[in-house]
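Below is one structure, written out as structure tokens, with a few remarks after it.
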Amino acid sequence: MNIYQERRQRLSSQLGPMDVAIIPTAPTRTRNRDSDHPYRFDSYFYYLTGFVEPDAVLFVNAAGESVLFCQPKDLEREIWDGYRLGPEEAPNALGVERAHSIGEINHYAPQYLANTESVWYPFGTHEGFDQKINTWIATLAQRARAGVKAPQVLKNACSILDEMRLIKDAHEIQIMKDACSISAKAHIRAMQYSAQALREKKSIAEYHLEAEMLHEFRRHGSESVAYTSIVAAGANACVLHYRADKAPVKEGDLVLIDAGCELNGYASDITRTFPSNGRFTGPQRDLYALVLQAQEASVAATRAGVAFTAPHDACLKVLSQGLLDLGLLNTNEHGHVDDIIEHRHYAAYYMHRTSHWLGLDVHDCGSYVQAPSPQSLTTTSWRQLALHAPNSNPTPSTNASPAPRTLEAGMVLTIEPGLYVRPSASAPEAFWNLGIRIEDDAWVREDGVELISREVPVAIDAIEHLMST
Ligand code: ZN
Ligand code: MG
């Protein structure tokens, strides 16, 4: 059995005895006029099939059998668009029991759904797909007088698949390590290019550094970026969702690069912040050292058995104390570390969270909270429900929010503290316009984490050293 067959078996074993799961891949999407975006398969579908062609749908039943609908062989189309596996080859190549042309799905789907109990599919991920399922069920309902039973229940397949994808298997970890290696090389290349270009008095812009990254991704076989690269020089680093743009990279700037490649469908996600010319100034060094110290504390706090929020909490302690020490917050106004954390005073400089899941998607699927215990499941009375008005910001609910997820061996999350200092009366001017983030990818183990993205260093000395060569 290949890994995809194994995963389909694990999905199947979690269905009810009369159930069917249906997982479509992603559609092709038009970019403009008759040009498409580069095709990217659906992550759930790929996780279960390893199949990368568009126009495909997977059916899995409780007996562990799979049926694939895929593009039919078509020499004419293949001359234009490339090779298609086709339904004849699919059973052999993918280990599915049967395969049909996607054009026949409306004909066959009702037959596979006849006399089943529940249909599982991913909710809210494929626009219009629920309509198709409804049509198939309606077709079956019309045959009720002939004694055919239509499924009675629709269930969210994400609830099973998210849990499966949250724990990475050995195959996935290896790909993610390889993806991180490529991304690390790219970060090193961009750092070295920056320092070298400035030594040679060349004028460079953010997009030059992006180009160095992309070159390195692609030449090692990565098929794409995992997300839009951020290459932010100087004050731009304080814009959290900045992209790589045209701003000049100037002598004395800090440069923040948040970029990672995708390899065989898996994301890497690395951020490094470095001085453009390879030498940190005093204030840059102070602020960077604080973010690094926060990251070290987060890493030390992360292992199987602790809460998902443990790295964030560890990070906030260090950052809050550091913000006091550096004069970015002051005790008279903001109190001590506990007050700063409780009242979120740190949020003036640190406005995002420390971690997210990482996998096939850069913000990977998986719940961040524990499943509620069955006893705690009660209907919220609509009389008491705290509604927020249109256009208002939902206030964090004060009634008991669900407990954060407990980390387990095999999960992969990012650890990415940062500090972003915009010019303001309350911040010492020496720190104005500095934006720093250090992000690594952490594989959770029983006794700690393995950082799989550390082939690009984070220590000040190590960065200065590699940029001097
Ligand atoms: Zn991230
Ligand atoms: Mg990132």
Side-chain angles (χ1 to χ4, degrees), residues 43 165-166 168 172 175-177 179-191 206 209-210 212-214 216-217 222 224-233 236-245 254-263 265-274 288 291-292 294-296 298-299 301-302 308-312 314-316 319 350-366 368 405 407 411-420 435-444 449-458 463:
S43 295
R165 283 175 53 189
L166 199 44
K168 273 67 182 177
E172 297 181 285
I175 298 172
M176 293 183 76
K177 284 182 172 178
C180 280
S181 289
I182 296 172
S183 296
K185 286 190 183 82
H187 277 272
I188 290 173
R189 184 184 178 107
M191 287 179 188
E206 292 161 338
L209 302 186
E210 183 192 27
E212 295 298 313
M213 303 283 305
L214 296 176
E216 199 69 12
F217 289 170
S222 145
S224 171
V225 291
Y227 54 96
T228 307
S229 307
I230 296 172
V231 180
N236 293 335
C238 294
V239 181
L240 294 179
H241 289 162
Y242 192 79
R243 300 189 158 190
D245 211 334
L254 275 187
V255 181
L256 183 155
I257 299 185
D258 183 347
C261 72
E262 180 173 300
L263 184 70
Y266 284 82
S268 53
D269 184 1
I270 303 180
T271 308
R272 291 293 181 264
T273 309
F274 57 89
Y288 185 94
V291 176
L292 185 55
Q295 200 205 29
E296 281 162 1
S298 303
V299 170
T302 312
F308 170 79
T309 45
H312 187 58
C315 169
L316 291 184
L319 287 184
Y350 184 45
M351 49 298 274
H352 59 79
R353 296 188 63 89
T354 305
S355 301
H356 56 79
W357 306 129
L358 184 71
L360 283 164
D361 297 308
V362 65
H363 292 167
D364 209 31
C365 61
Y368 289 97
R405 188 79 196 220
L407 296 180
M411 292 175 169
V412 178
L413 70 161
T414 62
I415 300 182
E416 47 176 312
L419 286 174
Y420 313 89
I436 295 169
R437 178 164 65 255
I438 306 172
E439 175 174 29
D440 280 289
D441 302 343
W443 175 29
V444 178
V449 292
E450 183 177 329
L451 298 179
I452 59 175
S453 49
R454 274 294 173 85
E455 287 171 37
V456 50
V458 291
I463 289 176

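All values below come from the heavy atoms of this structure, side chains included, with hydrogens, waters and symmetry mates left out. Both counts, for ligands and for their atoms, begin at 1 and track the order of listing. In this chain, numbering begins with 1 at the start of the sequence shown.
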Completion exercise
Protein-derived N, O or S atoms sitting under 2.8 Å away from the Zn ion (ligand 1) total 4
Problem - side-chain contact (heavy atoms from CB on, under 4.5 Å) assessment of His187 paired with Met213 - result: CA-CA 7 Å; His187 277 272; Met213 303 283 305; 3.6 Å; yes
Problem - Carboxylate-amine/guanidinium contact Lys185 Glu216, below 4.0 Å - result: no
Practice task
Verify the ring-centre separation between His352 and Tyr420: is it less than 6.0 angstrom?
Solution key: yes
Handout entry: Side chains of Thr414 and Asp269, donor plus acceptor under 3.5 Å
Key = no
Completion exercise
Counting only protein N, O or S atoms and ignoring waters, those under 2.8 Å from the Mg ion (ligand 2) are Asp258 OD1, Asp258 OD2, Asp269 OD1, Glu439 OE1
Handout entry: side chain to side chain donor-acceptor pair (under 3.5 Å) involving Gln295 - partner list, sequence neighbours excluded
Key = Asp440, Arg454
Handout entry: salt bridge (charged side-chain N to carboxylate O under 4.0 Å, His left out) involving Glu262 - partner list, sequence neighbours excluded
Key = Arg40
Practice task
Kindly assign one of parallel, tilted or perpendicular to the pair Trp357 and Tyr368, based on the angle between their ring planes and the thresholds 30° and 60°.
Solution key: parallel
Problem - Shortest non-hydrogen contact between Ile270 and Tyr227, atoms and distance - result: N-OH, 3.6 Å
Fill in the blank from the handout: Nearest heavy-atom contact between Glu439 and Asp258 is OE1-OD1, 3.3 Å
